[in-house]
Protein chains: 2
Amino acid sequence: MSVTLKDVAALAGVSRSAVSRTFTEGASVSAKTRSKVEKAALELGYSPNALASSLTTGRTKLIGLISNNFHNPIFLEVFDQFTRALQERGLRPLIVNLTDETEPANSVRMLRQYSVDAAIVASSTLPPSFAKAFHDAGVPVVHTFGRSATSPEVHVVGIDNVECGRMAARELLARGYRHVGYLGGPKDATSALDRHRGFTEELCDHPEINVTHCFASAYSFEAGRSEMLRLLADSPAEAYFCGDDILSVGALSALAEHGLKPGKDIGIIGLNDMEMSRWQSVDLTTIHQPIKQIITSSVDLVEQMLKEPQRYPEARIFPCRVIERGTLRPRL
Amino acid sequence: MSVTLKDVAALAGVSRSAVSRTFTEGASVSAKTRSKVEKAALELGYSPNALASSLTTGRTKLIGLISNNFHNPIFLEVFDQFTRALQERGLRPLIVNLTDETEPANSVRMLRQYSVDAAIVASSTLPPSFAKAFHDAGVPVVHTFGRSATSPEVHVVGIDNVECGRMAARELLARGYRHVGYLGGPKDATSALDRHRGFTEELCDHPEINVTHCFASAYSFEAGRSEMLRLLADSPAEAYFCGDDILSVGALSALAEHGLKPGKDIGIIGLNDMEMSRWQSVDLTTIHQPIKQIITSSVDLVEQMLKEPQRYPEARIFPCRVIERGTLRPRL
DNA sequence: GCGCGGATTGCAACCGGTTGCACCCCCGGG
DNA sequence: CCCGGGGGTGCAACCGGTTGCAATCCGCGC
């Protein structure tokens, strides 16, 4: 069926080693041999079997990409960036869709069976222990969008969610809101908890401010919308920090259904700055998370780990900033 | 480093073959041997190397998933469905992000290097020749969302785009629009061309109707928006068939910016029925494409091809239907 | 013309499994 | 008690490459 090393060797009249060497970077082959081999390879349409070579080299260039955010539009951007960044470096993403799972055991086993060189956990909801399971199984791992503070054993690339919560709180204060609310993601999502913590901590110093909070059932449009509908039914706050842009968009829909104008009747500030937030019909004031930098950095880190698997774990935290659009009233 | 067959064999006191057999379905092993092996395997945390075994079995369970639609929100749904459907069947998606490429050569080579068992081309814009390149290279392939009529050599699963164009035209006629337009995807996308063809063919029989058409630069929000802005600047039609929901959403934004009410001032009908189209703030009348069925069917087909690689090619076409929402005026 | 050393090359073992085949063991029937 | 046969087992070859090592080649200086 497929053409192998041996076929090329036979046609070129050299040993199998010679063929192997012409296809491996930096091996010692004379120009003459190389050209004979290349000619034969071209003629037969040969290209080396990456899996077979992985057996001896121990490197597959396969990178496990594990996520559970398949319902948040931001993931489309994340996904595009990851696949491109990996491809550019000659690495191949092997996807794991975690949607209904939170136990790492299956993914770990599966990715080990495929001998991935490393794994990337791309999720803001999974706990540090999830990524650690890969580490413990000997799979180099980066947790992108992970919780930073408490993960000394695993590389984390992302943002400081607590600080983002603070930032949102300061922003609402600066605009003179007196009754503010947090509309977060699911209660078991680390990002939802951390953002909540920052938000409430910052407001502790302001006893005059009335603070409420609630958690949506998921990072999704419907969850944001239905949660906001619930809030609107019973004396809502003046402004909300939504833990994610997709929740914000859901909340905005709820406002519209009640005939309320965002920014005027009720303030909304999101987090992520996904593409859709820029759309004129959405025009969401939000905290920008530098997705592209985070992903590039994550893939860089993965690449480094390939050379140095035992690399000392680090947290790479990127600053966020508020993007002013139309869903908060002006600063005082 | 990692534990191998040999280690387990040694601990269990049996031959390597025995271990291999206890891990392969339907091999002949006595209960006693099996239990000894399982105990040893558990103790060592052994799990077989899928890549090594692929060398002799010729099966990797790796499926190449190739796409270029990373900027259309519908792809999030597509992607979720594909990865889940594959996982459920024990297959592993190896992603190729084609974004800036239209030549199959690189993807084919790469996927062959990784010995994928099959490839899925998930794109409504790539020509049949793209998928055929995989077929010609001996890689079983399914073109999902591909052009149906002209691809006798490759499996295609999707919809009849020409018929969808017709359907859109009939829908606009039924609502009494006299001046209608087609706002399609990129001119080189097969789906844009086919939908255009159906749309104009259907209207040929109605010389009293004024028909215009244009093609956006991409299937994206911005492309739809800017194209509609251009149209609005110069005597627009009464209603448009947008070749994709994301174009529709962009077009809707343009309408809003001009203070025009969709369904009242200008009609819009899309295609796809993506989740966002259901949002109250979008409320897009559109042609529903049965994404889930298409994907399930595609993966079924892939699975069949694993058993029967030379299977005679077929086109699986799923019917679409109009979903009435708020962006067209009522039927007469 | 000869010797030397670095560059090339082929051999053979190995990576982690799978599998055809021969052999062994055990049981039941004659 | 002997024989036949089927299931279970291990040996060894093989899947498609890689790589350490020893042998060979070649050009150059003396």
Side-chain angles (χ1 to χ4, degrees), chain A residues 1-38 40-41 44-62 109-117 138-139, chain B residues 1-38 40-41 44-62 109-117 138-139:
Chain A
M1 185 66 217
S2 83
V3 21
T4 77
L5 205 56
K6 194 161 57 174
D7 305 324
V8 179
L11 180 60
V14 297
S15 73
R16 299 188 309 141
S17 330
V19 179
S20 172
R21 286 195 255 259
T22 76
F23 283 96
T24 58
E25 197 83 16
S28 148
V29 202
S30 69
K32 198 163 60 172
T33 308
R34 169 178 298 276
S35 77
K36 273 194 299 188
V37 169
E38 281 172 348
L44 297 174
Y46 169 77
S47 73
N49 180 327
L51 269 25
S53 76
S54 83
L55 220 44
T56 41
T57 61
R59 300 253 334 243
T60 56
K61 303 201 165 203
L62 250 25
R109 185 163 38 73
M110 190 246 114
L111 290 178
R112 278 185 30 140
Q113 289 186 329
Y114 280 89
S115 313
V116 296
D117 288 345
V139 179
Chain B
M1 188 62 219
S2 82
V3 19
T4 77
L5 204 59
K6 194 161 56 174
D7 305 324
V8 179
L11 180 60
V14 297
S15 74
R16 300 189 308 141
S17 330
V19 179
S20 172
R21 287 187 179 109
T22 77
F23 283 97
T24 57
E25 197 84 17
S28 147
V29 203
S30 69
K32 195 162 65 172
T33 308
R34 170 178 296 275
S35 79
K36 275 195 299 188
V37 170
E38 281 172 348
L44 296 174
Y46 169 77
S47 72
N49 181 326
L51 270 25
S53 75
S54 83
L55 220 43
T56 43
T57 62
R59 300 256 331 244
T60 55
K61 302 200 165 205
L62 250 26
R109 186 163 36 72
M110 189 248 114
L111 290 178
R112 279 186 30 140
Q113 289 185 330
Y114 280 89
S115 313
V116 295
D117 288 343
V139 179

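Every chain is numbered from 1 and lettered A, B, ... according to where its sequence line falls, protein lines coming before strand lines.
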In whole Å, I'd like the distance from the CG atom of A/N49 to the P atom of D/dC15.
13 Å
Whole angstroms only, please: what is the CZ-C1' distance between A/R59 and D/dT19?
17 Å
So does A/T56 get a side-chain nitrogen or oxygen closer than 4.0 Å to the phosphate oxygens (OP1/OP2) of D/dG17?
no
DNA chain D: B/A52 or B/G13, which has the more 5' nearest nucleotide?
B/G13
Nearest-angstrom distance from the residue atom CZ of A/R21 to P of D/dT19:
10 Å
Between A/Y114 and C/dG16, is there a side-chain N or O to OP1/OP2 distance below 4.0 Å?
no
Considering only heavy atoms from C-beta outward, does the side chain of A/V3 approach that of A/V8 to under 4.5 Å?
yes
OP1 or OP2 of D/dG7 versus the side-chain N and O atoms of B/S28: is any pair under 4.0 Å?
no
Under 4.0 Å, counting only non-hydrogen atoms across every strand here, what does A/S54 touch: a base, just sugar-phosphate, or nothing?
nothing
Can you name the nearest heavy-atom pair linking A/Y114 to B/T60, along with the distance?
OH-O, 2.7 Å
B/L111 versus B/V139: any side-chain heavy-atom pair under 4.5 Å?
no
Using a cut-off of less than 4.0 Å, is there contact between a side-chain N or O of A/T57 and OP1 or OP2 of D/dG17?
no
Kindly say whether, by distance alone, the side chain of B/S17 makes a donor-acceptor pair under 3.5 Å with the base of C/dT18?
no
Using a cut-off of less than 4.0 Å, is there contact between a side-chain N or O of A/S15 and OP1 or OP2 of C/dT9?
no
Under 4.0 Å between any heavy atoms, over every strand shown, what does A/V29 touch: base, sugar-phosphate, or nothing? Just pick one.
sugar-phosphate
If you measure from CG on A/N49 to CG on A/L55, what distance do you get to the nearest 0.5 Å?
9.5 Å
Should the side chain of B/R16 and the base of C/dG17 be counted as holding a donor-acceptor pair, with the cut-off at 3.5 Å?
yes
From D/dC15, D/dG8, C/dG17, nucleotide with atom closest to B/P48 side chain:
C/dG17
Find the distance A/L44:CG to D/dG16:P and express it as a whole number of Å.
14 Å
Is the shortest side-chain heavy-atom distance between B/V37 and B/F23 below 4.5 Å?
yes
Quickly work out the A/Q113 CD to C/dG17 P distance and round it to whole Å.
10 Å
Starting at atom CG of A/L5, determine the distance to atom C1' of D/dT19, rounded to an integer number of angstrom.
13 Å
By nearest heavy atom, map B/K6 and A/K32 onto DNA chain C; which one lands nearer the 5' end?
A/K32
Heavy-atom nearest pair, A/D117 first then A/K61, reads OD2-N, 2.6 Å
Between P of D/dG16 and CG of A/D7, the distance in whole Å:
8 Å
Spacing between B/L55 atom CG and D/dA13 atom C1', to the nearest angstrom:
14 Å
Taking only the side-chain nitrogens and oxygens of B/S30, find out if one of them lies under 4.0 Å from OP1 or OP2 of D/dT9.
yes
